[in-house]
> 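After the structure tokens below, expect a handful of questions from me.
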Amino acid sequence: MSDEILNHIPAYIRKLEEEGWVTRTFRRLDPPRQIAVIEAILIEAAHAGPSSLNIKKVAQRAGVSVGSLYTYFPDRDGMLAFAVELSVRIINDSFNEYRPYLSSLPLREALKAYLIGGVEWSTAQAGFLRLFARAAYQGDPELAETLVKPIANTLLDMVREILQQAILRREIRPDVDLEAASRLVHALTIAAGDSLLLPYLNHYFQVTSQELPIERMVEALVELICQGIATANQHGVSP
């Protein structure tokens, strides 16, 4: 996890303790130990699947005893629920802090920053990324509602806000269906971004290659979107 996220984790854990997600014993651990436990839960859940999460293996990954885990969480399901809830809150709050900056940028710059920034941010969250990818692409029903949808809804809201602000700046044609366009841009950026994060998806989508670096792909994607929804003067054509 990045240093920025690490600095905020104690406040989140205190709040989750107050809500009954985790015990005071866990909250009193030093932050590196807390992070080790959280990442062990996420990585093991991604490896084995939520329904097959093995407490003994989580303990081995985290470098703690099985008995210690039971002093932190009520049971196996509670352990995973806590790690997922903590991750979702941190990630959504991080994304929401970034939204005003993105929506203030011109459309092209906003789309580039959204895609490239999202990939860079996600790369630093290895444990979470592995679990999220499993939940999203393998259809784990246990995590669809608690993990995938909350993150996806925030991402869609970010795209919608970028386009809304571009409409107000008259960068997007007034006849564009905002909701449909938002969902399609959301889908396009996910396909491109996840292909950069998950090599097995790139084997299928073929988004980048040695002959087509990331920069060219991002430029082409943004140009494609702008050609479809931007006003004439935004893509070099006189109105």
Side-chain angles (χ1 to χ4, degrees), residues 1-9 35 38-39 42-43 45-47 84 86-138 143 147-163 165-166 181-229:
M1 292 186 179
S2 67
D3 290 339
E4 180 182 356
I5 291 177
L6 292 177
N7 292 336
H8 290 86
I9 278 184
I35 298 303
I38 294 164
E39 292 193 334
L42 296 174
I43 292 171
H47 175 74
V84 168
L86 174 66
S87 299
V88 168
R89 292 191 190 191
I90 290 174
I91 290 168
N92 276 343
D93 286 352
S94 297
F95 287 168
N96 285 326
E97 287 182 4
Y98 198 39
R99 283 170 67 169
Y101 166 72
L102 283 177
S103 61
S104 70
L105 293 174
L107 179 60
R108 287 175 181 272
E109 284 71 18
L111 292 173
K112 292 177 186 177
Y114 173 76
L115 178 54
I116 295 172
V119 169
E120 291 176 348
W121 192 93
S122 299
T123 300
Q125 322 308 324
F128 173 81
L129 178 62
R130 288 173 61 180
L131 180 60
F132 187 87
R134 180 188 177 106
Y137 290 105
Q138 296 185 29
L143 298 178
L147 177 60
V148 178
K149 285 187 178 181
I151 300 295
N153 287 339
T154 297
L155 292 174
L156 177 57
D157 286 344
M158 291 174 71
V159 170
R160 188 184 291 113
E161 188 169 331
I162 289 172
L163 299 190
Q165 293 303 310
S182 298
R183 290 174 181 271
L184 287 172
V185 172
H186 171 67
L188 286 170
T189 52
I190 285 178
D194 283 5
S195 293
L196 298 176
L197 291 165
L198 307 168
Y200 65 86
L201 285 182
N202 194 50
H203 294 324
Y204 180 34
F205 288 131
Q206 295 289 298
V207 170
T208 59
S209 67
Q210 291 183 345
E211 295 76 28
L212 182 64
I214 295 172
E215 293 76 15
R216 278 180 60 192
M217 181 276 293
V218 172
E219 288 289 342
L221 176 60
V222 170
E223 182 64 22
L224 178 68
I225 293 170
C226 289
Q227 287 285 345
I229 64 175

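Residue numbers run from 1 in the order of the sequence given.
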> Mind checking the CG-OG1 spacing from Leu221 to Thr189? Nearest 0.5 Å is all I need.
7.5 Å

> A side-chain contact here means heavy atoms from C-beta on lying under 4.5 Å apart; do Val159 and Leu111 qualify?
no

> For atom CZ of Phe205, decide whether the heavy atoms of other residues, nucleotides or ligands shown that lie under 6.0 angstrom number more than 12.
yes

> Go through it in stages, so that I can follow the logic: the residues are Leu131 and Val84, the test is side-chain contact (heavy atoms from CB on, under 4.5 Å), and I'd like the CA-CA distance, side-chain angles, deciding distance and then a yes or no.
CA-CA 9 Å; Leu131 180 60; Val84 168; 4.2 Å; yes

> Look at the side chain of Arg216 and the backbone N and O of Glu211, then say whether any donor-acceptor pair between them is shorter than 3.5 Å.
yes

> How long is the gap from CG on Asp157 to NE2 on His186, to the nearest 0.5 Å?
9.5 Å

> Ignoring hydrogens, what is the shortest heavy-atom contact between Ala110 and Leu102? Give both atom names and the distance.
CB-O, 3.4 Å

> Could you give me the CA-CA distance, side-chain angles and deciding distance for Tyr114 and Leu105, then say whether side-chain contact (heavy atoms from CB on, under 4.5 Å) is met?
CA-CA 10 Å; Tyr114 173 76; Leu105 293 174; over 6 Å; no

> List the atom of Ala181, the atom of Ile229, and the distance in Å for their closest heavy-atom pair.
CB-CG2, 4.4 Å

> Restricting to non-hydrogen atoms, name the atom on Ala191 and the atom on Val207 that form the minimum distance, rounded to 0.1 Å.
O-CG2, 4.1 Å

> With rounding to the nearest 0.5 Å, note down the distance linking OG1 in Thr154 to CZ in Arg99.
7.0 Å

> Determine the minimum heavy-atom distance between Tyr200 and Ala133, stating which atoms define it.
OH-CB, 3.9 Å

> Atom CZ of Phe132 and atom CG of Leu143: how far apart are they, to the nearest 0.5 Å?
10.0 Å

> Evaluate the criterion side-chain contact (heavy atoms from CB on, under 4.5 Å) for residue pair Ile43 and Arg130; output intermediate values, then yes/no.
CA-CA 7 Å; Ile43 292 171; Arg130 288 173 61 180; 3.5 Å; yes

> Please tell me whether Tyr98 and Tyr101 form a close aromatic pair, meaning their ring centres lie under 6.0 Å apart.
yes

> Please check this pair: side chain of Ser122 against backbone of Val119, looking for a donor-acceptor N/O pair closer than 3.5 Å.
no

> Can you name the closest pair of heavy atoms from Leu115 and Ala192 and give their distance?
CD2-CB, 4.4 Å

> Could you go through the side-chain contact (heavy atoms from CB on, under 4.5 Å) check for Leu197 and Asp194 one step at a time?
CA-CA 5 Å; Leu197 291 165; Asp194 283 5; 4.1 Å; yes

> Heavy-atom distance under 4.5 Å between the side chains of Ile151 and Phe128, does that happen here?
yes

> Which heavy-atom pair separates Lys112 from Val218 by the least distance, and what is that distance?
CG-CG1, 4.0 Å

> Answer whether the closest heavy-atom distance between the side chains of Met217 and Leu196 falls below 4.5 Å.
yes

> For the pair Arg160 (side chain) and Ser182 (backbone), establish whether a donor and an acceptor sit closer than 3.5 Å, ignoring hydrogens and angles.
no

> Can you find a side-chain donor-acceptor pair between Glu161 and Gln165 that sits under 3.5 Å?
no

> I need the Leu155 CG to Ile190 CD1 distance, nearest 0.5 Å.
6.0 Å

> How many angstroms lie between OH in Tyr137 and CG in Leu201, if you round to the nearest 0.5 Å?
5.0 Å

